[in-house]
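Everything below concerns the one structure shown next.
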Amino acid sequence: MCGIVGYIGPERATDILMEGLTRLEYRGYDSAGVAVYENGKIQVIKARGRLDCLRSKLEGQPLYGHVGIGHTRWATHGEPSDENSHPHLSQSGRIAVVHNGIIENYAPLREKLMRKGYEFVSETDTEVFAHLLEDTFSRGNGDILKAVRDTVLKLEGAYALGVLCSRFPDRIIAARKDSPLIVGLGEGCNYIASDIPAVLPYTRRVYLLEEGEMAQVFADHVEIYDMDLQRVDKEVYEVTWSVDAAERGGYAHFMLKEIYDQARAMRDTISPRVKEGRFNLAEAGLTDEMLEKVRRVVITACGTASYAGQVGRSLIEKLCRVPVEIDVASEFRYRDPILSPEDLFIVVSQSGETADTLAALRLAKARGCKVLAITNVVGSTIAREADNVLYTWAGPEIAVASTKAYTTQVLCFMMIALQLALVKGRITQEKYDEYMKEFLTLPDKAEKILEDVTPIQKLAARFFSQEDIFFIGRGLDNALCMEASLKLKEISYIHSEAMPAGELKHGTIALIEPGRLVVAMCTQTATMDKLFSNIREVLTRGAVVLAVGYEDSTREDEATSYRMAIPRTDDLFAPVLAVIPAQLFAYYCAIQRGYDPDKPRNLAKSVTVE
Ligand code: AGP
């Protein structure tokens, strides 16, 4: 999604802005721009396309000023174009604005401003803010901070804003509501950014702006205010992860690096939660006393995170006999869901900023539910608004296609399910110990899959030109198929469908024709015979079947043509291992087709619009 960077200090602002924007490229964007105060006025340069387009423009027209704001835009209102890119200038050119989020009441505000004679050069909601701020400022007492505050109070929707005003070149003003924004603290210089990696080369000390907070960022100090313009005393947040952790570290792509980082990530998710042979999830409010009271679980999330939730549902229902309801957040929030304060309400979000998931969280809280967030980003909005948080500790996930976030989210559900089952007396202590022993081997087993990926590379080379690929499975394998299919389509652009294996014959089997690839997830022993009947159904129609199963199982070899193997584990834990070959298969298919898996078309890392 869109990215914001701002800088004020002794350096040439464009150097810092471009470096920061480069670090935010992973968020996804289709145009970019900068505004710099220079020679008494604000100069704006922007360009549709990748940052290199903006770079070339800046080479032809270098800017030397020391204060500026920059932006990468992912189109929402108006197509990707130079005009629609940020920063946007007010009518007089004295105010420049960058904005993430959506101003929902932009249409009536725009009309009102047009009636007053304001002329618009873009189709964006953000330009409305630029003119509205100028209008408010011109009628005020010359206090720019107050003018920003008065203007944001007229907005409905979400915003993270950076404002530069030529009357006050000694500062950048920042404000946020429902869209993340941080202030980076330097020595004799300061920064604003929508995401921490943008400022990491320069500082690890940041303020995480809260809802409704504003900042006046000067070169030598920062002032934080609330909406009543009262000063706020904020704690500095020290970033502990390294710049390197947010960079590729020798891998061709972030996605590949993150796939390989999974064993480490899994260890970091598990180890702080195991104490004396038991899971201790008290940090997330999941004490034995609390778990005992759980009568129903409700899970909501989007995309990959929702597929982790699907695995969670199967595990909790199977192990604990507690009913679980799950829905994607974009549907959940609009269907007037039946919720009770006794429900354990779980939201799952890697970024902690997904708009629909956040809205679902707020709805649940408004209905009196206690919300548990499973998230990866400390200080994210979802982490801050949830009552309790179970962090995945996967480390920064940069690639748009989620990998290590999924595996660690699934591990979190496994820990919750096992602990809930024990507390509710649904499994014996012996069975729990047995599960625990096997659970602790999962990171090593993940590592083993990653030792030699050549067979998967070869399979991708064999199948990358397929136009449609189907994924079939039963039970937990079915939940896994949804994630495997999403991974393939989002980065390789191969059309793909995930289908409960038994459901094929009710329609989709009509699409099976000679040579069509069907990937069969074969890890669930209880339904294996049934699955093999379904495999035979597609084989007899000429499909080629690629099985994902245990390395010591010979059954797949008998019936299927190709296979990807994972180490043997308890069937309940298989999704966390079987997803790894599926991720690699998707990755290598994308490479074979000549696509950049880190920058899939039309997608953004963090979807902060509805
Ligand atoms: C994953 O590969 C996706 N690109 C996407 O589905 C993602 O999982 C979804 O947008 C939810 O994001 P979140 O986990 O940050 O909330």
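Hydrogens, waters and symmetry mates play no part in the numbers below; they use all other heavy atoms, side chains included.
Of all the heavy atoms in Ile338 and Asp343, the pair that sits closest is O-OD2, 4.4 Å. The shortest heavy-atom contact between Pro272 and Trp393 is CG-CD1, 4.4 Å. Closest heavy-atom contact between Lys154 and Thr136: NZ-OG1, 3.3 Å. Residues Gly70 and Val98 come closest through the heavy atom pair O-CG1, 3.9 Å. The two residues His66 and Pro10 have their closest heavy-atom pair at ND1-O, 2.9 Å. Contact between His99 and His86 at its shortest, heavy atoms only, is O-CE1, 3.0 Å.
Contact check for Tyr202 versus Glu19: side-chain heavy atoms found under the 4.5 Å cut-off. Between Val297 and Ile416 there is no side-chain heavy-atom pair separated by less than 4.5 Å. In this structure the side chain of Ile182 never reaches within 4.5 angstrom of the side chain of Tyr207, judged on heavy atoms. Within the 4.5 Å cutoff, no side-chain heavy atoms of Phe137 are placed close to those of Leu132. When side chains are defined from C-beta on, Thr22 counts as touching Arg55, because their heavy atoms get closer than 4.5 Å. In this structure the side chain of Leu153 reaches within 4.5 angstrom of the side chain of Arg149, judged on heavy atoms. Contact annotation: the side chain of Arg296 never approaches that of Val324 to less than 4.5 Å [non-hydrogen atoms, C-beta and beyond]. Counting heavy atoms from C-beta outward, Leu286 and Asn388 have side chains that stay 4.5 Å or more apart.
Partners of Ser402 by side chain to side chain donor-acceptor pair (under 3.5 Å), not counting sequence neighbours, listed by chain and number: Glu397. Qualifying side-chain contact (heavy atoms from CB on, under 4.5 Å) partners for Ser306, counting only residues two or more places apart in sequence or in other chains: Ala301, Val328. In this view, Lys116 and Asp135 satisfy the salt bridge (Lys or Arg N to Asp or Glu O under 4.0 Å) rule, not counting sequence neighbours. Glu134 is linked by a side chain to side chain donor-acceptor pair (under 3.5 Å) to Ser90, Ser92, counting only residues two or more places apart in sequence or in another chain.
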Side-chain donor-acceptor distances from residues 11-18 under 3.5 Å, at least two apart:
{"from": "Arg12", "atom 1": "NE", "to": "Thr14", "atom 2": "OG1", "distance (Å)": "3.4"}
{"from": "Arg12", "atom 1": "NE", "to": "Leu63", "atom 2": "O", "distance (Å)": "3.1"}
{"from": "Thr14", "atom 1": "OG1", "to": "Leu63", "atom 2": "O", "distance (Å)": "3.4"}

Determine all donor-acceptor pairs shorter than 3.5 Å in which one atom belongs to a side chain in residues 378-385; sequence neighbours excluded.
{"from": "Ser380", "atom 1": "OG", "to": "Val377", "atom 2": "O", "distance (Å)": "2.8"}
{"from": "Ser380", "atom 1": "OG", "to": "Ala383", "atom 2": "N", "distance (Å)": "3.4"}
{"from": "Thr381", "atom 1": "OG1", "to": "Arg176", "atom 2": "NH2", "distance (Å)": "3.1"}
{"from": "Thr381", "atom 1": "OG1", "to": "Glu353", "atom 2": "OE1", "distance (Å)": "2.6"}
{"from": "Thr381", "atom 1": "OG1", "to": "Glu353", "atom 2": "OE2", "distance (Å)": "3.3"}
{"from": "Arg384", "atom 1": "NE", "to": "Gly379", "atom 2": "O", "distance (Å)": "2.7"}
{"from": "Arg384", "atom 1": "NH1", "to": "Leu209", "atom 2": "O", "distance (Å)": "3.3"}
{"from": "Arg384", "atom 1": "NH1", "to": "Glu210", "atom 2": "OE1", "distance (Å)": "2.9"}
{"from": "Arg384", "atom 1": "NH1", "to": "Glu210", "atom 2": "OE2", "distance (Å)": "3.4"}
{"from": "Arg384", "atom 1": "NH2", "to": "Gly379", "atom 2": "O", "distance (Å)": "2.9"}
{"from": "Glu385", "atom 1": "OE1", "to": "Arg362", "atom 2": "NE", "distance (Å)": "2.8"}
{"from": "Glu385", "atom 1": "OE1", "to": "Arg362", "atom 2": "NH2", "distance (Å)": "3.4"}
{"from": "Glu385", "atom 1": "OE2", "to": "Arg362", "atom 2": "NH2", "distance (Å)": "2.6"}

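In this structure, the side chain of Lys41 does not engage the main chain of Gly93 through any donor-acceptor pair within 3.5 Å. Checking side-chain atoms of Thr72 against main-chain N and O of Glu25 turns up no donor-acceptor pair under 3.5 Å. Judged by distance alone, the side chain of Lys370 and the main-chain N or O of Pro341 form no donor-acceptor pair under 3.5 Å. Judged by distance alone, with hydrogens and angles left aside, the side-chain atoms of Arg273 form a donor-acceptor pair with the main-chain N or O of Thr269 at under 3.5 Å. With hydrogens and angles ignored, the 3.5 Å screen pairs no side-chain donor or acceptor of Ser31 with any backbone N or O of Asp82. Side-chain atoms of Glu156 never come within 3.5 Å of backbone atoms of Ile103 as a donor-acceptor pair (strictly under, hydrogens ignored). Within the 3.5 Å criterion, the main-chain N or O of Phe254 finds a donor-acceptor partner in the side chain of Asp598. In this structure, the side chain of Arg73 does not engage the main chain of Ala32 through any donor-acceptor pair within 3.5 Å. For the pair Thr203 (side chain) and Leu185 (backbone), a donor-acceptor distance under 3.5 Å is present. Without hydrogens or angle criteria, Asn280 side chain to Ala282 main chain gives a donor-acceptor distance under 3.5 Å.
Residues Ser340 and Glu342 bring a donor and an acceptor atom of their side chains to less than 3.5 Å of each other. Side-chain contact of Arg110 with Thr124: a donor-acceptor pair under 3.5 Å is absent, judged by distance alone. A donor-acceptor contact closer than 3.5 angstrom is absent between the side chains of Asn100 and Ser179. A donor atom on one side chain and an acceptor atom on the other are found under 3.5 Å apart for Thr304 and Glu483. Using modelled atom types and a 3.5 Å distance limit, the side chains of Glu83 and Ser122 yield no donor-acceptor pair.
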Residue pair Ile69, Val5: steps toward the side chain to side chain contact (heavy atoms under 4.5 Å, CB included) verdict: CA-CA 6 Å; Ile69 50 179; Val5 185; over 6 Å; no
Give the C-alpha distance, both sets of side-chain angles, the deciding distance and a yes or no for side chain to side chain contact (heavy atoms under 4.5 Å, CB included) between Val311 and Phe413. CA-CA 8 Å; Val311 174; Phe413 276 114; 5.9 Å; no
Show your working on side chain to side chain contact (heavy atoms under 4.5 Å, CB included) between Ile374 and Val347 and close with a plain yes or no. CA-CA 6 Å; Ile374 296 178; Val347 291; over 6 Å; no
Walk me through it: do Thr300 and Asp327 pass the test side chain to side chain donor-acceptor pair (under 3.5 Å)? CA-CA 5 Å; Thr300 191; Asp327 202 352; over 6 Å; no
Might you work through the side chain to side chain contact (heavy atoms under 4.5 Å, CB included) test for Ile144 and Arg167, ending with a clear yes or no? CA-CA 9 Å; Ile144 184 69; Arg167 287 264 305 269; over 6 Å; no
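Ring pair Phe120/His131 is perpendicular by interplanar angle, where above 60° counts as perpendicular and below 30° as parallel. Ring geometry for His221 versus Phe218: interplanar angle under 30°, hence parallel rather than tilted (30 to 60°). Between Tyr7 and Tyr191, the two ring planes are tilted [angle within 30° to 60°].
Geometrically, Arg231 engages Tyr225 in a cation-pi contact, judged by NZ or CZ lying under 6.0 Å from the ring centre and within 45° of the ring axis.
The pair Asp261-Lys257 does not count as a salt bridge, with every side-chain nitrogen at least 4.0 angstrom from each carboxylate oxygen. Here Glu223 does not pair with Arg171 in a salt bridge; the nearest charged N to carboxylate O distance is not below 4.0 Å. A salt bridge is absent between Lys177 and Glu104: the closest approach of a Lys/Arg side-chain nitrogen to an acidic carboxylate oxygen does not fall below 4.0 angstrom.
The only option from Asp170, Val217, Val36, Ile8 that meets the side-chain contact (heavy atoms from CB on, under 4.5 Å) definition with Val67 turns out to be Ile8.
You'll find the ring centres of Phe332 and Phe345 inside the 6.0 Å limit.
Rounded to the nearest 0.5 angstrom, Glu211 CD and Asp178 CG are separated by 4.5 Å.
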